[in-house]
Amino acid sequence: GAVVSQHPSRVICKSGTSVKIECRSLDFQATTMFWYRQFPKQSLMLMATSNEGSKATYEQGVEKDKFLINHASLTLSTLTVTSAHPEDSSFYICSAGDRFTDTQYFGPGTRLTVL
Amino acid sequence: KQEVTQIPAALSVPEGENLVLNCSFTDSAIYNLQWFRQDPGKGLTSLLLIQSSQREQTSGRLNASLDKSSGRSTLYIAASQPGDSATYLCAVRPSSGDKLTFGTGTRLAVRP
């Protein structure tokens with residue numbers, strides 16, 4: 001089946017630094033990718049929709065200047081958490097939509113810990 | 001705005017028991033509904049996907065049903081095993097658009 005990778009799988013950083021998370025579709029082209037955040041023992045909350053070659057669409061309450069999304073190619077989207085703070089510590093999961101099968105495939109997630 | 005609720009929030013059963021997890025959604029205009037499994041600290045594993053025109057889907061010991069008009073889906077797990085212990089999430093995709101709305105999840109523990 002289709003595979004989506006995320007890198008890194010785990011990152012620990014100091015408060016105030018920026019962290020970039022990559023999401024790649026390995027064997028299919030994804031015109032749309034989605035970024036979710038999951039706090040402990042809670043469900044996934046959609047943060048933004050990333051469209052290849054255009055600006056991302058952010059959900060209400062998500063700061064676009066803090067969570068920068070770039071979708072430069074049909075197989076790669078990046079999420080940059082700028083000036084990270086402890087409250088940004090969370091599990092970030094991406095999904096990629098296969099335009100031919102009309103199915104979303106999920107990455108393994110990235111655990112971000114901000115000290 | 002679509003809201004997805006899962007009941008129960010947590011469930012503990014002895015090994016071998018058959019069990020049912022419930023998912024309800026407020027807006028019946030859906031394209032499909034999907035059940036996922038999530039192990040602690042891990043990503044999502046897709047279990048079953050039911051299109052809006054379908055009533056149920058089966059995979060091994062798992063059977064998912066969909067009643068779109070009443071806004072409900074159930075995931076039936078037969079002969080549960082300790083390896084089934086995980087959090088189970090349902091997610092609905094709207095009839096227009098491709099954003100998924102996830103349920104609150106059910107944490108399942110199967111005791112040996």
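In the text below, chain A, chain B and the rest are named by the order of the sequence lines, each starting its count at 1. Just so we're clear, the structure is a prediction, and the values are computed from it rather than from any experiment.
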message: What part of Thr104(B) gets within 4.5 angstrom of chain A, counting heavy atoms only: side chain, backbone, both, or neither?
response: backbone

Quick check: is [Y] connected to [X] through a chain of hydrophobic side chains (ILVMFWY, heavy atoms under 4.5 Å apart)?
X        : Y        : answer
Val19(A) : Phe67(A) : yes
Val62(A) : Ile21(A) : yes
Val81(A) : Tyr58(A) : yes

- request: Sort Gln6(A) into side chain, backbone, both or neither according to what part of it lies under 4.5 angstrom from a heavy atom of chain B.
  value: neither

field: Contacting moiety of Leu44(A), where chain B heavy atoms sit under 4.5 Å
entry: both

Do other residues, nucleotides or ligands put more than 12 heavy atoms under 6.0 Å from [X] [atom1]?
X         : atom1 : result
Lys66(A)  : NZ    : yes
Arg111(B) : CZ    : yes
Glu3(B)   : CD    : no

Quick one: [atom1] on [X] to [atom2] on [Y], what's the gap to the nearest 0.5 Å?
X         : Y         : atom1 : atom2 : result
Leu100(B) : Phe106(A) : CG    : CZ    : 5.0 Å
Arg93(B)  : Thr103(A) : CZ    : OG1   : 8.0 Å
Gln38(B)  : Gln38(A)  : CD    : CD    : 4.0 Å

statement: Of all heavy-atom pairs linking Gln104(A) and Asp98(B), the shortest is NE2-O, 2.7 Å

- request: Give a yes or no on whether the backbone of Gly103(B) and the side-chain of Ser43(A) come within a donor-acceptor separation of less than 3.5 Å.
  value: yes

